[in-house]
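Written out below as structure tokens is the structure these notes cover.
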Amino acid sequence: MNVFEIERYATEDGPGIRTVIFLKGCNLRCVWCQNPESQDSRAQVMYYQQKCVGCRKCVEACPENAIYFDKQYGYVTDHAKCTVCGACVDACFYDARKIIGKEYSVEELFKEIVRDAGFYKESGGGVTFSGGEPMLQSDEISELAQLLKQEGIHTSIETAGAVIWDRFESLLSYIDLFYYDVKHIDSEAHRKYTGAPNELILENLKVLSRRHEHVIVRIPVVPGVNNSSEILKRIYQFLAEETNIKRVELLPYHRLGMGKYAGLGMEYLMGDTESLAEEDCYPFAEIGKQYDLRVSVGAE
């Protein structure tokens, strides 16, 4: 399994205290993505410009000549050339470079997770698979979730749903809770802001909400993308009329992932768009009551 981070003692990705497994690889390209290092399934070198002193040791160490100086981003990596050999990381005395992404076997991840089994049992917590798009590794997750179920460990998954239904089918018996993103109701707008249409996503949600008892829809509220009463009403109407969804969480847009783009030599397409406060989304949550939906701002 391709993992870019394991976060312990998390409290906003499901009930109780949880371990969040962030999986690498995603088939969407949301312009506001807060984890750009999750998009490519391969390992990558992340550069931390604020730690760099410009000694050029990394440039000298790279056997592929994959590191170049950019006036805006600093000594970034050409990921098309980089083989992730780690020579630049070893050469940096200031921890300004780090390899993001590591392969784990199912057994290795299982051992990592059960280390904190006591915390899960005391708090009603468990494990959450996030990303990236974890459903792209559904076979491995299914195998791991079966092992976790035998240990009585609660499992949840965060997905954008842009995969064939068979990937959901293999997980229905082993995942206790699905968090499902709905980013936009209009397919062309969805394509514009995420790189893909939304017909498959919405159809999968219809089926999932009828086949699984515990599904929570999450709507990232993003300025200039979907932060309007009209768009939210259309999403709520779809949920009320076409699905069995009852719970919705609105997630206000924030800029906390912006620095990661610079570290990967990527442009942050949201530009200088300001973060939203929770209170900016309260009116949108109130609208949900008209559709018999329980809408909260932020993770409950």
Quiz item: Stepwise, does the side-chain hydrogen bond (donor to acceptor under 3.5 Å, both in side chains) test hold for Ser187 with Glu199?
Solution: CA-CA 7 Å; Ser187 189; Glu199 285 85 359; 2.9 Å; yes
Exercise. Evaluate side-chain hydrogen bond (donor to acceptor under 3.5 Å, both in side chains) for Thr77 paired with Tyr68, printing each intermediate quantity in order.
Key: CA-CA 6 Å; Thr77 300; Tyr68 63 96; over 6 Å; no
Quiz item: Is there a side chain to side chain contact (heavy atoms under 4.5 Å, CB included) between Leu276 and His254 once you walk through the steps?
Solution: CA-CA 6 Å; Leu276 294 179; His254 63 73; over 6 Å; no
Exercise. Could you go through the side chain to side chain contact (heavy atoms under 4.5 Å, CB included) check for Leu205 and Leu239 one step at a time?
Key: CA-CA 9 Å; Leu205 179 56; Leu239 297 178; 3.8 Å; yes
Exercise. May I have the step-by-step check of side-chain hydrogen bond (donor to acceptor under 3.5 Å, both in side chains) for Lys24 and Gln44, ending in yes or no?
Key: CA-CA 10 Å; Lys24 226 171 175 314; Gln44 295 169 288; 2.8 Å; yes
Quiz item: Would Glu122 and Tyr120 count as a side chain to side chain contact (heavy atoms under 4.5 Å, CB included) if you check the C-alpha gap in whole Å, the side-chain angles of each, and the deciding distance to 0.1 Å?
Solution: CA-CA 6 Å; Glu122 287 211 11; Tyr120 311 145; over 6 Å; no
Exercise. Please step through side-chain hydrogen bond (donor to acceptor under 3.5 Å, both in side chains) for the pair Arg18 and His154, ending with a clear verdict.
Key: CA-CA 9 Å; Arg18 309 189 71 80; His154 183 277; 3.0 Å; yes
Practice problem: Test Leu147 against Glu151 for side chain to side chain contact (heavy atoms under 4.5 Å, CB included), laying out the working first. | Solution: CA-CA 7 Å; Leu147 295 175; Glu151 297 294 318; over 6 Å; no
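Sparse packing is recorded around NZ of Lys57, with 12 or fewer heavy atoms of other residues, nucleotides or ligands lying under 6.0 Å away. Taking a 6.0 Å sphere around CZ of Arg8, one finds it holds more than 12 heavy atoms contributed by other residues, nucleotides or ligands. Enclosure of atom CD in Gln50 by more than 12 non-hydrogen atoms of other residues, nucleotides or ligands within 6.0 angstrom is indicated. The local environment of CD in Glu242 is crowded, with over 12 non-hydrogen atoms from other residues, nucleotides or ligands closer than 6.0 Å. Around the CZ atom of Arg210, the shell of radius 6.0 Å holds more than 12 heavy atoms that belong to other residues, nucleotides or ligands. Summarising the local packing, NZ of Lys206 is surrounded by more than 12 heavy atoms from other residues, nucleotides or ligands at distances under 6.0 Å. Counting heavy-atom neighbours within 6.0 Å of Tyr94 OH, excluding the residue itself, gives a total of 12 or less. Other residues, nucleotides and ligands contribute at most 12 non-hydrogen atoms within 6.0 Å of the CD atom of Glu213.
Residues Ile153 and Val3 fall within the same hydrophobic cluster, defined by Ile, Leu, Val, Met, Phe, Trp and Tyr side chains chained together at heavy-atom separations under 4.5 Å. Note on Tyr174 and Leu144: separate hydrophobic clusters, where clusters join Ile, Leu, Val, Met, Phe, Trp and Tyr whose side-chain heavy atoms are under 4.5 Å apart, directly or indirectly. Linking ILVMFWY side-chain heavy atoms closer than 4.5 Å, directly or via other members, places Met266 and Val222 in a single hydrophobic cluster. Val114 and Tyr104 fall within the same hydrophobic cluster, defined by Ile, Leu, Val, Met, Phe, Trp and Tyr side-chain heavy atoms under 4.5 Å apart, directly or through other members. Leu136 and Leu109 fall within a single hydrophobic cluster, where Ile, Leu, Val, Met, Phe, Trp and Tyr are joined by side-chain heavy atoms under 4.5 Å apart, directly or via other members.
The aromatic rings of Phe119 and Tyr9 sit perpendicular, their planes meeting at an angle over 60°, well past the 30° parallel limit. Under the 30°/60° scheme for interplanar angles, the aromatic rings of Tyr47 and Tyr75 are found to stand perpendicular.
Using a 4.5 Å heavy-atom cutoff, the side chains of Lys183 and Thr194 are in contact. In this structure the side chain of Val163 never reaches within 4.5 angstrom of the side chain of Ser138, judged on heavy atoms. In this structure, the side chains of Tyr73 and Glu267 come closer than 4.5 Å at one or more pairs of heavy atoms. Looking at Thr273 and Tyr253, their side chains come closer than 4.5 Å, going by heavy atoms from C-beta outward. No side-chain heavy atom of Ile175 sits under 4.5 Å from any side-chain heavy atom of Leu172. Residues Ser142 and Leu171 form a side-chain contact, since some pair of their non-hydrogen atoms from C-beta on lies under 4.5 Å apart. Counting only heavy atoms from C-beta outward, the side chains of Ile219 and Asp181 never approach each other to under 4.5 Å. Proximity of Phe178 to Glu158: side-chain heavy atoms (C-beta onward) are nowhere separated by under 4.5 Å.
In this structure, Ile141 CD1 and Leu23 CG are separated by 5.0 Å, a value rounded to the nearest 0.5 Å. Atom-to-atom distance recorded for His190:NE2 and Lys192:NZ is 14.0 Å, nearest 0.5 angstrom. Rounded to the nearest 0.5 angstrom, Tyr268 OH and Tyr261 OH are separated by 6.0 Å. Here the straight-line distance linking atom CZ of Arg218 with atom OG of Ser296 works out to 9.0 Å at 0.5 Å rounding. Between atom CD1 of residue Ile201 and atom CG of residue Leu208 there is a gap of 13.0 Å, rounded to the nearest 0.5 Å. Between the CZ atom of Arg211 and the CG atom of Asn244 there is a distance of 12.5 Å, given to the nearest 0.5 Å.
Using a distance-only test at 3.5 Å, with no hydrogens or angles considered, a donor-acceptor pair links the side chain of Asn198 to the main chain of Ile185. Remark: the backbone N or O of Ala277 is paired with a side-chain donor or acceptor of Asp280 at under 3.5 angstrom. Counting only distance, with no hydrogens or angles, the side chain of Tyr193 and the backbone of Gly224 share a donor-acceptor pair below 3.5 Å. No donor-acceptor pair closer than 3.5 Å links the side chain of Gln137 to the backbone N or O of Pro134.
With respect to the salt-bridge test (charged N to carboxylate O, under 4.0 angstrom), the residues Asp139 and Arg167 do not qualify. Note on Glu188 versus Arg191: salt bridge recorded, some NZ/NE/NH1/NH2 to OD/OE distance being below 4.0 Å. The pair Glu37-Lys260 counts as a salt bridge, with a side-chain nitrogen and a carboxylate oxygen less than 4.0 angstrom apart.
Residues passing the side-chain contact (heavy atoms from CB on, under 4.5 Å) test with Asn204 are Trp165, Phe168, Tyr180, Leu200, sequence neighbours excluded.
Considering every non-hydrogen atom in both Thr155 and Leu148, the closest pair reads CG2-CD1, 3.8 Å. Taking all atoms of both residues into account, the shortest heavy-atom contact from Arg97 to Cys88 is NE-SG, 3.3 Å. For the residue pair Gly288 and Val295, the shortest heavy atom distance occurs at CA-CG2, 3.8 Å. Closest non-hydrogen pair, Ala189 versus Asp186, comes out as N-OD2, 2.8 Å. When all heavy atoms of Glu133 and Gly161 are compared, the closest pair comes out as OE1-N, 3.7 Å. The shortest non-hydrogen separation linking Ser38 to Gly132 is OG-N, 2.9 Å.
Cation-pi geometry between Lys51 and Tyr48 is met: the NZ or CZ atom falls under 6.0 Å from the ring centre, inside 45° of the normal.
Ile216 forms part of a hydrophobic cluster together with Leu177, Tyr179, judged by ILVMFWY side-chain heavy-atom separations under 4.5 Å.
Looking at Thr128 and Ser156, their side chains do bring a donor and an acceptor atom within 3.5 Å of each other.
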